[in-house]
Amino acid sequence: MPEFKDALTKDTFGAAGRHSHPDDTVIEVRDLKIGGGELTVIAGPCSVESREHILKIAGEIKDAGACILRGGAFKPRTSPYNFQGLGEEGLHFLADAGKAFDMPVISEITGVSQIGLFGDVDIIQVGARNMQNFELLREVGRLGKPVLIKRGFSNTLRELIFAADYVMNEGNPNVILCERGIRTFETYTRNTLDLSAVPVLKKLTHLPVIVDPSHATGRSEFVEPMVLAAVAAGADGIMIEVHDDPAHSLTDGRQAIDPEAFRKLVSRAKAVKAALKEGK
């Protein structure tokens with residue numbers, strides 16, 4: 001409780017704090033706006049598997065209502081024997097798919113040495129494992145591109161906001177916060193999705209907040225209810241893993257949904273968002 005009281009004090013946070021910027025930040029990526037009342041839908045496979053595959057998925061999710069294409073080229077895996085991504089080649093495939101379907105792309109950076117490879121990536125993702133990689137946060141802040149920061153497995157919201165400050169202190173105001181579940185004693189789901197993070201972050205900061213229920217639950221059958229709950233909680237966007245053949249996905253197939261399920265999910269999520277607007 002003392003830490004939470006401290007988190008609410010005026011001088012706790014810097015550039016990311018609500019006190020320094022009372023109005024909500026809206027981040028522009030090409031012609032797209034993240035924040036400001038609209039629901040941003042980010043979708044795509046966990047990892048870029050081939051040029052043909054990412055093009056196929058991009059077309060299907062764009063048609064279903066996604067506005068940003070995701071795909072991992074560098075995959076930090078717990079086991080060194082699992083698929084680690086296609087690296088630079090994967091980034092090229094992702095960028096090509098984004099251009100083909102006129103969608104901004106987002107991909108995860110895992111080290112400072114990769115900075116020069118992300119020239120065609122519209123939004124740089126700093127994953128949960130790197131949330132407190134302060135050197136990396138400073139370097140991506142200097143790029144000026146929008147940065148999405150995922151909450152670490154065992155990190156507090158206060159620590160997540162400070163991670164945003166590391167980026168913003170380098171002169172980059174374009175930061176997006178992402179709740180992707182935290183590690184608890186529960187093992188039935190991959191992580192425990194902390195939906196209270198959404199209203200708390202919206203109170204403490206002016207930054208857009210999105211939710212990733214795919215990594216949070218780790219199970220495809222729980223993705224939709226958590227998406228609807230996240231939208232109802234006030235999330236500015238959602239990030240969903242979509243694969244046309246989840247059983248044969250090279251990474252995290254258990255949590256991916258297929259394009260048809262994604263289409264239905266987007267429709268229902270937008271209905272919840274519309275209902276919230278009507279209720280105001």
Side-chain angles (χ1 to χ4, degrees), residues 29 32 34 38-73 75 90 93-94 96-108 122-123 125 148 150 176 178-181 189-191 193 195 198 208-233 235-276:
V29 185
L32 176 70
I34 303 174
E38 297 304 314
L39 183 66
T40 299
V41 181
I42 305 171
C46 179
S47 60
V48 178
E49 299 180 4
S50 69
R51 182 189 297 276
E52 295 72 23
H53 187 257
I54 192 66
L55 283 167
K56 182 176 186 291
I57 293 294
E60 291 177 327
I61 65 170
K62 174 70 179 288
D63 185 62
C67 49
I68 299 175
L69 175 64
R70 60 146 293 151
K75 299 300 299 178
F93 294 163
L94 180 68
D96 288 346
K99 291 173 184 175
F101 292 96
D102 193 27
M103 300 175 71
V105 299
I106 179 172
S107 195
E108 180 176 355
D122 298 284
I123 305 172
Q125 175 181 311
L148 182 147
K150 285 194 168 186
I176 306 158
C178 180
E179 167 58 39
R180 45 82 68 210
T189 53
R190 183 173 183 176
N191 296 286
L193 182 56
L195 285 179
V198 177
V209 179
I210 73 165
V211 173
D212 176 356
S214 299
H215 277 92
T217 65
R219 299 172 66 120
S220 59
E221 64 266 36
F222 301 137
V223 169
E224 181 177 315
M226 290 298 93
V227 163
L228 301 182
V231 176
D236 296 292
I238 50 176
M239 178 181 281
I240 308 296
E241 289 193 4
V242 181
H243 197 285
D244 59 329
D245 187 8
H248 295 95
S249 173
L250 295 181
T251 51
D252 291 343
R254 183 68 182 86
Q255 64 198 35
I257 61 175
D258 63 41
E260 185 55 34
F262 176 70
R263 182 183 299 277
K264 294 176 182 177
L265 180 153
V266 172
S267 176
R268 291 167 181 165
K270 288 185 175 180
V272 173
K273 188 70 173 180
L276 291 176

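Both backbone and side-chain heavy atoms feed into the values below; hydrogens, waters and symmetry mates do not. The shown structure was predicted, so the numbers you read here are calculated from the model rather than taken from an experiment.
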Handout entry: Results of side chain to side chain contact (heavy atoms under 4.5 Å, CB included) for Q125 - residues two or more places apart only
Key = I106, E108, L148, K150, M239
Handout entry: Note: D102-K62 ion pair, threshold 4.0 Å (strictly below)
Key = no
Practice task
Report the residues that fulfil side chain to side chain donor-acceptor pair (under 3.5 Å) with R263, sequence neighbours left out, ordered by chain and then residue number.
Solution key: D63
Problem - Atom pair CD1 (I54) and CZ (F93), whose distance is rounded to the nearest 0.5 Å - result: 10.5 Å
Practice task
For residues V242 and I57, report the shortest heavy-atom separation together with the two atoms involved.
Solution key: O-CG2, 4.0 Å
Fill in the blank from the handout: CG of L69 to CG of L94, rounded to nearest 0.5 Å, is 5.0 Å
Problem - T251: partners by side chain to side chain donor-acceptor pair (under 3.5 Å), with sequence neighbours left out - result: S47
Problem - A66 to A43 - nearest heavy-atom pair and separation - result: CB-CB, 4.1 Å
Problem - Atom pair CD1/CD1 of I42 and I238 - distance to nearest 0.5 Å - result: 9.0 Å
Problem - Reported CG-to-CD distance for the pair L265 and E260, which is rounded to 0.5 angstrom - result: 11.5 Å
Completion exercise
Between the CG atom in L193 and the NE2 atom in H215, the distance rounded to the nearest 0.5 Å is 13.0 Å
Exercise for the section: Go through the structure and list residues passing side chain to side chain donor-acceptor pair (under 3.5 Å) with E221, not counting sequence neighbours. Expected result: R219, R254
Problem - For R268, all residues meeting side chain to side chain donor-acceptor pair (under 3.5 Å), sequence neighbours excluded - result: E224
Fill in the blank from the handout: All heavy atoms of S214 vs all of E241, minimum pair found to be OG-N, 3.1 Å
Handout entry: Listed partners of S50 passing side chain to side chain contact (heavy atoms under 4.5 Å, CB included), at least two apart
Key = E52, H53
